[in-house]
Amino acid sequence: MTYWRQPLDRDRVQVPRGIVHIIEERCKGCGFCVEFCPQRVLVMSKHTNPKGYHPPELIDDSHCVNCGLCALLCPDFAIYVENGGTYPPDEVDTIRRTEAK
Amino acid sequence: MPEKGMRRSERLHMMGYEPPDRSDWVTGLHPMDDLLRGERLPHIWCQGCGLGTALTTFIAALQWLERERGWDMDKVAVVSGIGCTGRIAGYVRLDSFHTTHGRAIPFATGLKLANPEMKVIVISGDGDMAGIGGNHLIHAARRNLDITVICVNNFNYGMTGGQAGPTTPHEARAVTAQYGNFEYPFNLPYLAAASGASFVARWTVLHARRLEWTLREAMEHPGFSFVEVIAPCSTAYARWNPEGRGMDPEHLRRRGLEVMKYYKAAGRITHDTHPKDAGVKVDEKGLITEIVEGKFLQEVRPDLQEALDHLAARADKWWQVEKKALDDRPHLPKSSSHVPRTEVQLGGFGGQGIISAGKIIGQAAAIYDGLEVCFTQSYGPEARGGAAGSQVVLGSDPIHHPHLIQPSTMIIMSQGAYAKYLSFLAPNGVLLIDDGLVELAEDHRQDITTYGLPATRIAEKLGNNRAANTVMLGFWTAIAGAVSQDAMRQSVAESVPPKTIDVNMKAFDEGYRKGIEVLDRS
């Protein structure tokens, strides 16, 4: 995360991280999770599931903050987020930098 | 053969039914699967339908309550009616019941009152709640019954193809309103609040997080809680209305999503708004311009169960007093002789105590003489002065027909009753009249025995003309002989007001004496 100034509690804040699981065969491709993800970590995929719908696809796991909105909005119980622990902001930045390579 | 008392599974097994193999149920893929019937997934709801999200938030709220508040999921029941939303009862792995159309709340009422420890949640659609079951909704709200009602509103009858319903906005299109709906819709939170609901909220499914919080609160709320959940109907309603971009081919597969985006733009979260102002606002083309959301009302009042318990405790106190009075009654020797079926018709006008007299006969025969008795009454709509009649059937044998077949004795205390009932009296029957009030017709029946007694005048002389019926009862007791004198005296004494017991006992004895005199004479 980049800041235009250093927050005073930066050393104390922990950023949660989520691990997204997509159950592709349940998906009906409504697109709610892709549209309303606050961190924009999902896109509609090009491939189809056995029912002929395009399931979502994860583009950037490292930005997921485990808010769980996709799991709550999904009408088909096809996506959920697992708690991936919390990291200090500096470490998150490191993870993202290494994963971006 | 299946026998009573067998377990249901054993009975089904004997009838040749084998339960499905549950090992292939699709469970455990998703954290919510332990509250879902995995074998029924995927559900029938269309792509982009909001019902799935409503179910997700509901289950999330339940899981939170289980985790944080220690709710026992075996004590949670879901009841739903007919419609797309009604399918929810079939998808949750909880005690659930899918009722007939509109009757989810009556079922839930019975369930809750019989099992006060259960948490009963009704999830149904707008057509089921406000249309077919509208009356049940307002009356459950009026009683403040401790259930949670989640009404998923998609503005039309979705399952049957998108007909206009009680919540379709004015001017919005539907399959049966192609030029726009000319009716005005319900404002459901206002309806519920006005009817007496003590918790009222509305959210769209887009605001899933807040909806989940509200559902938690609603389910914990003691009293009737009503949550309206606005959900897109991607196939039916969104096809005809601009929120879902209508028939625009580019958005054909994304109508539900387009409606959700629309909700994001139109939603106005204003808690504690007066429900009157919380309508779904539409423009002149039926396009929804504003959806007021939030928690509108939350107040704690005694719920139905509490009121019922309170009243039952008070009623029990009264009953203990009444029971003591009943227990203290004297026990008279029961008559051992066989009494054949005897039918008595009493007739007069209202205020004479005709119905009380019938009741006194019945009470004497049933309680003190140990006979079988049936008592019926008929009277006009007027409290006093109209025609009144009562019928008593008594005898030692069980009574298989409760009404009079052919009365053998009649007590007639008015001219109108004389004209009305005389023809029913059996041949050789006995007619007792108050001959101060009734004048016999010129062609009076000759096949019966008629005895007259100026009962009202006698009662007047004794000091209370309202004891005329008691005089007639004494007269009847002596002549008919079906009920013992002691039983009748006891019954009269406990039926009349305490201050008039003396005059009534005198009246009864006077009537009885006259009866014996008349019998001796003939």
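Naming convention: chains lettered A, B, ... in sequence-line order (proteins, then strands); numbering from 1 in each chain.
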In Å and rounded to the nearest 0.5 Å, what is the CG to CG distance from B/L211 to A/L72?
-> 8.0 Å
CG of A/D76 to CD of B/Q47: how many Å apart, nearest 0.5 Å?
-> 9.0 Å
A/L73 versus B/T53, closest heavy-atom pair with distance | O-OG1, 2.8 Å
Contacting moiety of B/K264, where chain A heavy atoms sit under 4.5 Å = side chain
Please flag which part of B/L206 lies under 4.5 Å from any non-hydrogen atom of chain A: side chain, backbone, both or neither.
-> both
Contacting region of B/M260 [heavy-atom separation from chain A under 4.5 Å] = both
From the list A/K51, A/E25, A/R26, side-chain contact (heavy atoms from CB on, under 4.5 Å) partner of B/P42 resolves to A/K51
Which region of A/C67, side chain (C-beta onward) or backbone (N, CA, C, O), has a non-hydrogen atom less than 4.5 Å from a non-hydrogen atom of chain B, or is it both or neither?
-> both
Please report the closest heavy-atom contact between B/H30 and A/I79, naming both atoms and the distance.
-> NE2-O, 2.9 Å
Measure the spacing between CE of B/M32 and SG of A/C74 and express it to the nearest 0.5 Å.
-> 9.5 Å
Does a side-chain heavy-atom distance below 4.5 Å link B/L29 with A/Y80?
-> no
Shortest non-hydrogen separation from A/K28 to B/I44 and the atoms involved | NZ-C, 4.3 Å
For residues B/V205 and A/F32, determine if any side-chain heavy atom of one lies less than 4.5 Å from a side-chain heavy atom of the other.
-> no
